[in-house]
Undergrad: 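Structure incoming, see below.
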Amino acid sequence: MLDDMFDYLQGIRQRPVWQPVPDQARAAFRSPLPAQGSDLADVHQQFMDNILPYAIGNTHPGFFGWVHGGGTAAGMLAEMLAAGLNANCGGRDHIPIEVERQVVRWMAELFGFPSSSSGLFVTGSSMANMIAVLVARYRALGREVRSHGIPPKRQLVAYASAGAHGCIAQAMDLAGLGSANLRKIPMNARFQMDITALETAITADRQAGLQPFFVAGTAGTVDVGAIDELPLLAAVAERNGLWFHVDGAYGALAALSPELRPLLGGIELADSIACDFHKWGQVPYDAGFILVRDADVHLDTFASRDTYLRRDERGMAANSPWPCDFGPDLSRGFRALKTWFTFQVFGAERIGQVIYETCLLARYLEQRIQAQPELELLAPVALNIVCFRHRAAGHTDIDAFNAALIADVQESGIAAPSATTVRGKLAIRAAIVNHRTGQSDIDALLDAVLQLGAKRLSLTNTESA
C-alpha cells in the first residue's frame with residue numbers, strides 16, 4: 001500500500017489532473033453494509049481501481065482550481081505514524097500535546113506574537129475563524145455570555161471586506177450573532193477593504209445603538225489573493241475597541257518568505273490569526289490553526305471543569321490547561337505531528353522559498369496572459385492567484401463561454417482551473433499552490449485554454465452558420 005502511494009506521487013505528472021467519475025466507479029459505493037470482512041489486499045485493490053484515479057487532483061502540478069496544497073511524502077508518512085500512535089490530543093499529560101505546543105510557539109515567533117500566546121490545531125480556517133469570533137464575543141460580553149447567551153439590547157456587529165471568505169459570516173451565524181450583523185465593507189481598486197467605508201460603518205452602527213466588537217482583515221482574499229491594509233485596520237480596531245482578527249487561511253504563511261513578508265506588515269498587531277498549514281504549508285489535509293495573543297481570554301472562552309476531566313498535579317491528568325480548554329473539541333487527532341514533521345524535514349526557509357516561487361509563477365502567468373490578445377486579465381496579481389478570461393470574440397455570452405471553457409479544460413485532464421466572479425465578470429481562476437508546479441505546467445494551462453477556446457469558438461460559429 002505504501003509502495004503504491006510512493007508510485008502514485010512519483011508518477012503524478014503522467015496522470016490526468018482530474019477526470020470525470022464513471023458510473024461503474026460510483027456504483028462501487030452503492031453496496032450495503034458488509035456483514036463479513038474481506039482480505040486487506042482485495043480492499044486495497046478496490047481503492048486502487050475506484051478511489052485513487054478519481055480524486056480531485058490537488059497533488060498534481062497542473063491543479064489550479066482552489067487553494068489546496070500538494071502535500072508531501074514526508075507529511076504522508078507522519079500521518080501514518082500519527083495513526084499508528086492513535087493519540088487523543090484533547091488533553092492529559094503526554095508528548096503529543098508538547099508537539100502541538102511547540103508549533104504554537106513557532107507560530108508566535110513567526111508572526112511576532114508574545115511567547116505566552118495560545119494556539120490550537122483545528123480542521124481548517126473555517127473553524128479557526130469561528131473560534132476567533134467566539135473569543136472576541138467573550139471579551140465583548142464577559143462570562144455571562146457562556147451561560148445566558150446574548151443579553152437583550154446588546155447586539156454585536158462585526159466587519160470584514162466584501163471579498164472575505166464566507167466562513168466569517170458563517171461564524172457570526174454559528175456564534176448566535178446573526179450573519180446579517182456582519183458588515184461587508186466595499187473594496188478599493190486593489191480589492192482591499194475600504195478603510196473610510198469601514199470607519200463610516202462603525203460610526204453608523206454606534207449611532208444606531210449597536211455594539212461593534214470585531215473586524216476581520218484578510219491576508220489573501222479567496223477570489224484574487226489581495227491582502228487588506230493590516231496596519232490601518234489595526235489602528236481602526238484600536239481606536240474603536242474592536243478585536244482585530246486576520247483571516248490568513250493561506251496568505252499568512254507568506255511570512256515564511258523574506259520577499260513576501262513585507263506585504264503582511266501589521267499582522268503582528270492582530271489579536272488573533274487563522275491559517276491553514278494544508279495550503280501553502282504543503283501539510284496533508286487537514287491542518288488548520290488559530291493563534292490568539294491573549295491566552296487568558298482564549299482559555300476563559302472555552303474552559304470547563306467537568307468532573308470527568310479532573311486535573312491533577314501529577315499523573316496522567318497533569319499538564320493543564322489542555323488543548324480542549326481552547327476550543328470545542330475534546331476528541332482531537334494528532335494534527336500537529338505532520339506539521340511538525342514538515343517544518344523539521346524541509347525547514348522554514350525552504351517552505352518560504354516554495355511559497356515565493358508560486359508567486360513568481362503567478363507573475364509569469366500574468367505576463368503570458370497580457371501577451372495574448374485572446375485573453376483578458378481581470379484583477380491585479382497580489383500573490384499567487386490569477387483571474388482572467390477568454391475574450392470570446394463574437395460570442396454573445398462571454399460568461400457562459402468561459403464557464404464552458406473551464407469545464408472543457410478540466411475534462412481534458414491537462415489542467416484544472418476554477419471559476420469565480422470578479423467585478424461582475426466570470427473569471428478563469430488559477431491558484432498556484434503546489435510545490436510541484438513549474439513553468440511548463442503554466443504553459444500547459446494557457447495552451448489548453450487557447451486551444452480549447454478556439455475549438456469552442458469554431459463550434460459556435462459553425463452552429464450559428
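Atoms considered below: every heavy atom in the structure, side chains included; atoms not considered: hydrogens, waters and symmetry mates.
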Undergrad: Under the 3.5 angstrom rule, does the side chain of Arg311 hit a backbone N or O of Pro321 as a donor-acceptor pair?
TA: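 Not a single qualifying donor-acceptor pair exists.
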Undergrad: With a 6.0 Å cut-off (strictly less than), is the heavy-atom count around CD of Gln344, excluding the residue itself, greater than 12?
TA: yes
Undergrad: Should Asp399 and Arg389 count as side-chain neighbours, where that means a heavy-atom distance under 4.5 Å?
TA: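 Yes. Closest side-chain heavy atoms under 4.5 Å.
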Undergrad: Within this structure, what is the CG-CG distance for the pair Leu230 and Leu269, rounded to the nearest 0.5 Å?
TA: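 So the gap between those two atoms works out to 8.5 Å.
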Undergrad: Which residues pass the ring-ring contact (aromatic ring centres under 6.0 Å, His included) test with Phe401, not counting sequence neighbours?
TA: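 Listed in chain order: His390, His395.
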Undergrad: Any donor and acceptor pair, going by atom type alone, linking the side chain of Arg436 with main-chain N or O of Thr59 inside 3.5 Å?
TA: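 Present.
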Undergrad: Rounded at 0.5 Å granularity, tell me how far SG in Cys387 sits from CD1 in Ile369.
TA: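 Reported to 0.5 Å precision, the distance equals 9.0 Å.
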Undergrad: Return the set of residues passing salt bridge (Lys or Arg N to Asp or Glu O under 4.0 Å) with Glu144 (not counting sequence neighbours), or none when no residue passes.
TA: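 Here no residue qualifies.
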Undergrad: Hey, are Asn129 and Gln170 close enough side-chain-wise for a donor-acceptor pair under 3.5 Å?
TA: no
Undergrad: Check whether any side-chain N or O of Arg13 sits under 3.5 Å from a backbone N or O of Gln10 as a donor-acceptor pair, and report yes or no.
TA: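 Judged by distance alone, no pair lies under 3.5 Å.
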Undergrad: Check side chain to side chain donor-acceptor pair (under 3.5 Å) between Asp228 and all other residues, then give those that pass, not counting sequence neighbours.
TA: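 Asp228 satisfies side chain to side chain donor-acceptor pair (under 3.5 Å) with no residue once adjacent residues are dropped.
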Undergrad: Does atom CZ (Arg350) have a neighbourhood of more than 12 heavy atoms from anything else shown, all under 6.0 Å?
TA: no
Undergrad: Regarding Asp286 and Arg335, does a basic nitrogen lie under 4.0 Å from an acidic carboxylate oxygen?
TA: yes
Undergrad: Are any side-chain N or O atoms of Glu229 and backbone N or O atoms of Gln192, one a donor and one an acceptor, separated by less than 3.5 Å?
TA: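 Absent.
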Undergrad: Salt-bridge test for Lys279 and Asp276: reply yes if a basic N is under 4.0 Å from a carboxylate O, no otherwise.
TA: yes
Undergrad: What verdict does the side-chain contact (heavy atoms from CB on, under 4.5 Å) test give for Asp247 and Ser125, after you've listed the backbone C-alpha separation in whole Å, the side-chain angles of each residue and the deciding distance to 0.1 Å?
TA: CA-CA 8 Å; Asp247 176 13; Ser125 282; 4.2 Å; yes
Undergrad: Should we count CD of Glu411 as having more than 12 external heavy atoms under 6.0 Å?
TA: yes
Undergrad: Report the C-alpha distance between Glu357 and Gln353 in whole Å, list the side-chain angles of each, state the deciding distance to 0.1 Å, and finish with yes or no for side-chain hydrogen bond (donor to acceptor under 3.5 Å, both in side chains).
TA: CA-CA 6 Å; Glu357 287 172 359; Gln353 182 61 30; 3.1 Å; yes
Undergrad: Among all residues two or more places apart in sequence or in another chain, which pass the salt bridge (Lys or Arg N to Asp or Glu O under 4.0 Å) test with Lys425?
TA: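 By the salt bridge (Lys or Arg N to Asp or Glu O under 4.0 Å) rule, Lys425 matches Glu376.
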Undergrad: Taking CD in Glu109 as the centre, count heavy atoms belonging to other residues, nucleotides or ligands within less than 6.0 Å. Is the count above 12?
TA: no
Undergrad: So do Val386 and Leu377 actually touch side chain to side chain, heavy atoms under 4.5 Å?
TA: yes
Undergrad: Does the side chain of Leu9 come within less than 4.5 Å of Thr72's, by heavy atoms?
TA: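 Answer no - side chains too far apart.
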Undergrad: Can you name the ring-ring contact (aromatic ring centres under 6.0 Å, His included) partners of Tyr250, sequence neighbours left out?
TA: Trp280
Undergrad: Determine the minimum heavy-atom distance between Ala430 and Leu365, stating which atoms define it.
TA: CB-CD2, 3.8 Å
Undergrad: Using only atom types and a distance under 3.5 Å, with no angle test, would you say the side chain of Glu79 pairs donor to acceptor with the backbone of Leu337?
TA: no
Undergrad: Checking side-chain hydrogen bond (donor to acceptor under 3.5 Å, both in side chains) between Asn319 and each of Glu98, His94, Arg92, which is the one that passes?
TA: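 Among Glu98, His94, Arg92, the one that satisfies the side-chain hydrogen bond (donor to acceptor under 3.5 Å, both in side chains) with Asn319 is Glu98.
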Undergrad: Go through Phe64 and Leu445 one step at a time and tell me if the side-chain contact (heavy atoms from CB on, under 4.5 Å) criterion holds.
TA: CA-CA 9 Å; Phe64 306 106; Leu445 166 66; 3.9 Å; yes
Undergrad: Indicate the atoms forming the closest heavy-atom contact of Ala132 with Trp243, along with that distance.
TA: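 So the two residues come closest at O-NE1, 4.3 Å.
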Undergrad: Heavy-atom distance under 4.5 Å between the side chains of Leu299 and Phe326, does that happen here?
TA: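 A side-chain contact exists here, since the closest heavy-atom pair is under 4.5 Å.
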Undergrad: Answer yes if the ring centres of Phe302 and Tyr138 are under 6.0 angstrom apart, and no otherwise.
TA: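 So the answer is no for these two rings.
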Undergrad: What verdict does the side-chain hydrogen bond (donor to acceptor under 3.5 Å, both in side chains) test give for Gln155 and Asp205, after you've listed the backbone C-alpha separation in whole Å, the side-chain angles of each residue and the deciding distance to 0.1 Å?
TA: CA-CA 10 Å; Gln155 179 60 60; Asp205 283 330; over 6 Å; no
Undergrad: Considering only NZ, NE, NH1 and NH2 on the basic side and carboxylate oxygens on the acidic side, decide whether Asp300 and Arg146 come within less than 4.0 Å.
TA: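 Not counted as a salt bridge, because no side-chain N and carboxylate O are separated by less than 4.0 Å.
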Undergrad: Counting only heavy atoms not in Gln370 (residues, nucleotides, ligands), do more than 12 fall under 6.0 Å from its CD?
TA: yes
Undergrad: Does any N or O in the side chain of Gln410 come within less than 3.5 Å of the main-chain N or O of Pro417, such that one atom is a donor and the other an acceptor?
TA: yes
Undergrad: Which heavy atom of Gly62 sits nearest to which heavy atom of Asp441, and what is that distance?
TA: N-OD1, 4.5 Å
Undergrad: Checking Asp294 side chain against Val297 main chain: does a donor-acceptor pair fall under 3.5 Å?
TA: yes
Undergrad: Between Ile432 and Thr358, which heavy-atom pair has the shortest distance, and what is it?
TA: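 Scanning both residues, the minimum pair turns out to be O-CB, 3.2 Å.
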Undergrad: Within the structure provided, determine whether Val409 and Ile414 are in side-chain contact (heavy-atom separation under 4.5 Å).
TA: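 Answer no - side chains too far apart.
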Undergrad: When you look at Phe213 and Leu141, which way does the side-chain contact (heavy atoms from CB on, under 4.5 Å) test go after all the steps?
TA: CA-CA 10 Å; Phe213 83 112; Leu141 298 177; over 6 Å; no
Undergrad: Using the rule given for side-chain hydrogen bond (donor to acceptor under 3.5 Å, both in side chains), can you reason through Asp447 versus Gln451, listing the C-alpha separation, both sets of side-chain angles and the distance that settles it, and then say yes or no?
TA: CA-CA 6 Å; Asp447 291 346; Gln451 292 170 13; 5.1 Å; no
Undergrad: Are Asp443 and Arg368 close enough for a salt bridge, meaning some N to O gap below 4.0 Å?
TA: yes
Undergrad: Treating Asn58 as the side-chain partner and Gly69 as the backbone partner, does any N or O pair qualify as donor plus acceptor under 3.5 Å?
TA: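 Yes; judged by distance alone, with no hydrogens or angles, the pair exists.
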Undergrad: Roughly how far, to the nearest 0.5 Å, is the OG atom of Ser179 from the NZ atom of Lys184?
TA: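 Rounded to the nearest 0.5 Å, the NZ-OG separation comes out at 7.5 Å.
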Undergrad: In the structure I gave you, are the side-chain heavy atoms of Pro328 and Met127 within less than 4.5 Å of one another anywhere?
TA: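 A side-chain contact under 4.5 Å exists here.
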Undergrad: Ignoring hydrogens and geometry, is there a side-chain-to-backbone donor-acceptor pair from Thr218 to Thr221 under 3.5 Å?
TA: no
Undergrad: Main chain of Thr421, side chain of Arg429: is a donor-acceptor contact present, judged purely on distance under 3.5 Å?
TA: no
Undergrad: Between Asn181 and Leu156, does a side-chain contact (heavy atoms from CB on, under 4.5 Å) hold up when you go through it step by step?
TA: CA-CA 7 Å; Asn181 291 302; Leu156 301 183; over 6 Å; no
Undergrad: Drop me the distance from Arg332's CZ to Leu120's CG, to the nearest 0.5 angstrom.
TA: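 Answer for the CZ-CG pair, Arg332 versus Leu120, is 4.5 Å.
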Undergrad: Could you tell me if the side chain of Leu426 sits less than 4.5 Å from the side chain of Ile406, heavy atoms only?
TA: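 The answer is yes; the side chains approach within 4.5 Å.
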Undergrad: Parallel, tilted or perpendicular: which describes the rings of Tyr285 and His278, with under 30° parallel and over 60° perpendicular?
TA: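 Rings of Tyr285 and His278: parallel, as their planes differ by under 30°.
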Undergrad: What is the distance from atom CD1 of Ile273 to atom CZ of Phe244, rounded to the nearest 0.5 Å?
TA: 8.5 Å
Undergrad: Can you name the ring-ring contact (aromatic ring centres under 6.0 Å, His included) partners of Tyr159, sequence neighbours left out?
TA: none
Undergrad: Output the distance between atom SG (Cys359) and atom CG (Asn384), rounded to the nearest 0.5 Å.
TA: 5.0 Å
